[in-house]
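Quick notes on the structure that follows.
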Amino acid sequence: MQSQVERVFREEWSHAVAILTRVLGDLELAEDAVQDAFTTALERWPGEGMPRTPGAWIVTTARNRAIDRIRREKVFQRKAELIGRLQELPAEEDDVSAIPDDRLALVFTCCHPALAAESRVALTLREVGGLTTGEIAHAFLVAEAAMAQRLVRAKRRIRGAGIPFRVPPDHLLPERLRSVLAVLYLVFNEGYAATSGADLVRVELCDEAIRLGKLLAVLMPDEPEVFGLLALMLLQDSRRTARVGADGEIVLLEDQDRALWDRARIEEGIRVLERAVSLRRPGPYQLQAAIAAAHAEGRPKSEIVALYEALSALDASPVVRLNHAVAVALAGDVDGGLELLDGIEGLDAYHLLHAARADLFRRLDRGSEAAESYRRALALTTNEAESRFLERRLAEVS
């Protein structure tokens, strides 16, 4: 029964928190009430059996627990007002299905630009993804108590700053949606290439980012960049198994065994990309997904370079320029790639810039320069799998 409750938790947590937050105007109080409801489920469902509609049961139980919590407050100016709002929610499980789905407002609240980037990521995983505080702390290699404090501060920041619980108005939506997509991509990238720790890939974070991307696509079916990001994550994740060898060593894209790539993931990613393109509003995530699709389908390297050039016209960020330079080199113009790398500013503390430069020097048989760049990359790397790879390459050119 515990495993069933955990499944319901992951599936229904964000829906219940969103409903209670809209009614209460207080994310922290809403979360506490929903947590109380799941605690009650663990106590009662083993003996009583799982309800016919477990999500509705959680909402009505959370409503009742929130009323109990507010009534126990000794001094609380808005006590009567909040209890009145809660009592407007259905008291019967069968009526819960009529409540609007507020999860999209919850996503935008958790990703509000007034919050620090690290807080947006953690809060999204907690409130939208339904991950426990311990799971989030483990994913980012921090103490659970420290993560709990980070989440508390974020929720209090939302309340103190008066951040509205709503989907932004049309004139603010494009900018705010960019923030939401950036948060989801940060979650995915931390799973795809972990910042630190022993493993390169954190499967649970990749899976969670894709799940959240699918939820956002359901909630915003007319936004092409939502589908573009989802396609990008699916296509990148399709290479998961091939990216690390049996000995735990990193395997670069050009050296990967394509038979290990997940064909079902690739096909799903391409279908999602086609949906994005059909909406006829191109954007950076769609172009990145197109690049990933070109790799997946083994298209000519010149086509990949052309896609990077199109991407650079929309997003000339240093990381995009870095990837463009590497694509140029892999297409056969190593000197041209190196020249493009030398023109990038703002990435001197980014280990992948030095690793890319080292690889191009290695291809040009410029061993001493390659070794120097590998050493600089190693000094900046905090992931153990990446360090082992760079140390091996350094030994090859020394």
Side-chain angles (χ1 to χ4, degrees), residues 188-189 191-194 199-201 206 231-263 265-266 269-270 273 287-312 319-342 344 347 350-367 369-371 373-374 377-378 381 383 385-397:
F188 179 80
N189 276 330
Y192 187 76
D199 299 322
L200 177 69
V201 179
C206 291
L232 173 60
M233 293 189 295
L234 288 165
L235 289 162
Q236 288 184 327
D237 190 61
S238 70
R239 303 193 294 267
R240 178 194 296 178
T241 304
R243 292 179 61 230
V244 180
D247 56 359
E249 289 290 324
I250 293 173
V251 182
L252 298 182
L253 177 61
E254 59 187 309
D255 300 322
Q256 289 173 13
D257 180 357
R258 287 174 172 259
L260 296 176
W261 291 5
D262 187 333
R263 296 308 308 177
R265 270 282 204 246
I266 291 170
I270 291 173
L273 178 57
L287 279 166
Q288 290 180 72
I291 291 166
H295 283 298
E297 295 178 334
R299 295 185 212 156
K301 291 183 172 64
S302 58
E303 184 176 333
I304 293 170
V305 171
L307 286 167
Y308 268 116
E309 289 170 354
L311 176 60
S312 297
V319 172
V320 169
R321 294 174 63 196
L322 166 60
N323 290 330
H324 177 211
V326 172
V328 167
L330 292 178
D333 186 4
V334 181
D335 287 310
L338 193 57
E339 184 177 348
L340 289 172
L341 283 181
D342 289 340
I344 298 173
L347 290 183
Y350 187 46
H351 70 284
L352 291 181
L353 172 69
H354 301 290
R357 182 177 283 120
D359 184 63
L360 299 197
F361 282 137
R362 181 181 65 85
R363 292 169 185 268
L364 293 169
D365 293 325
R366 294 163 61 174
E369 292 163 293
S373 292
Y374 278 129
L378 269 166
T381 301
N383 181 276
E386 289 182 325
S387 293
R388 290 193 302 271
F389 173 83
L390 292 170
E391 286 166 355
R392 179 167 59 80
R393 281 294 172 88
L394 175 59
E396 292 172 357
V397 299

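Along the sequence shown, the residues carry numbers beginning at 1.
The NE2 atom of H324 sits 10.0 Å away from the CD1 atom of I344 when rounded to the nearest 0.5 Å. Atom CZ of R357 is separated from atom CG of D342 by 5.0 Å, given to the nearest 0.5 angstrom. Here CZ of F188 is found 7.0 Å from CE of M233. Values are rounded to the nearest 0.5 Å. In this structure, CD on E369 lies 9.0 Å from CG on L364, to the nearest 0.5 angstrom. Interatomic distance, R393 CZ to R362 CZ, rounded to the nearest 0.5 Å: 4.0 Å. Taking NE2 of H351 as the reference point, atom OG1 of T381 lies at 4.5 Å (rounded to 0.5 Å).
Contact annotation: the side chain of I270 approaches that of L235 to within less than 4.5 Å [non-hydrogen atoms, C-beta and beyond]. Side-chain contact between V328 and E339 is absent, with no heavy-atom pair separated by less than 4.5 Å. Here the side chains of L287 and Y308 are not in contact, with every heavy-atom distance at 4.5 Å or above. By the 4.5 Å heavy-atom criterion applied to side chains, R321 and L347 are not counted as neighbours. A 4.5 Å side-chain heavy-atom check between L311 and Q288 finds at least one atom pair inside the cut-off.
Closest approach of V251 to Q256, counting heavy atoms only: O-NE2, 3.1 Å. Here the shortest heavy-atom pairing between I304 and A327 reads CG2-CB, 4.4 Å. Scanning both residues, F389 and I250, for their nearest heavy atoms gives CD1-O, 3.8 Å. Summarising the geometry of A355 relative to Y374, their closest heavy-atom pair is O-CE2, 4.4 Å, with the distance given to 0.1 Å. Nearest approach of A289 to L273, heavy atoms of both residues: CB-CD1, 3.9 Å. Scanning both residues, V326 and A356, for their nearest heavy atoms gives CG2-CB, 3.9 Å.
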### Task
Show your working on side chain to side chain contact (heavy atoms under 4.5 Å, CB included) between L322 and Y350 and close with a plain yes or no.
CA-CA 11 Å; L322 166 60; Y350 187 46; 3.7 Å; yes
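In this structure, the side chain of R240 does not engage the main chain of D262 through any donor-acceptor pair within 3.5 Å.
Side-chain N/O atoms of R239 and Y192 include a donor and acceptor closer than 3.5 Å.
Residues R388 and E391 are not paired through a salt bridge, judged by the lack of any N-O separation under 4.0 Å between the basic side chain and the carboxylate.
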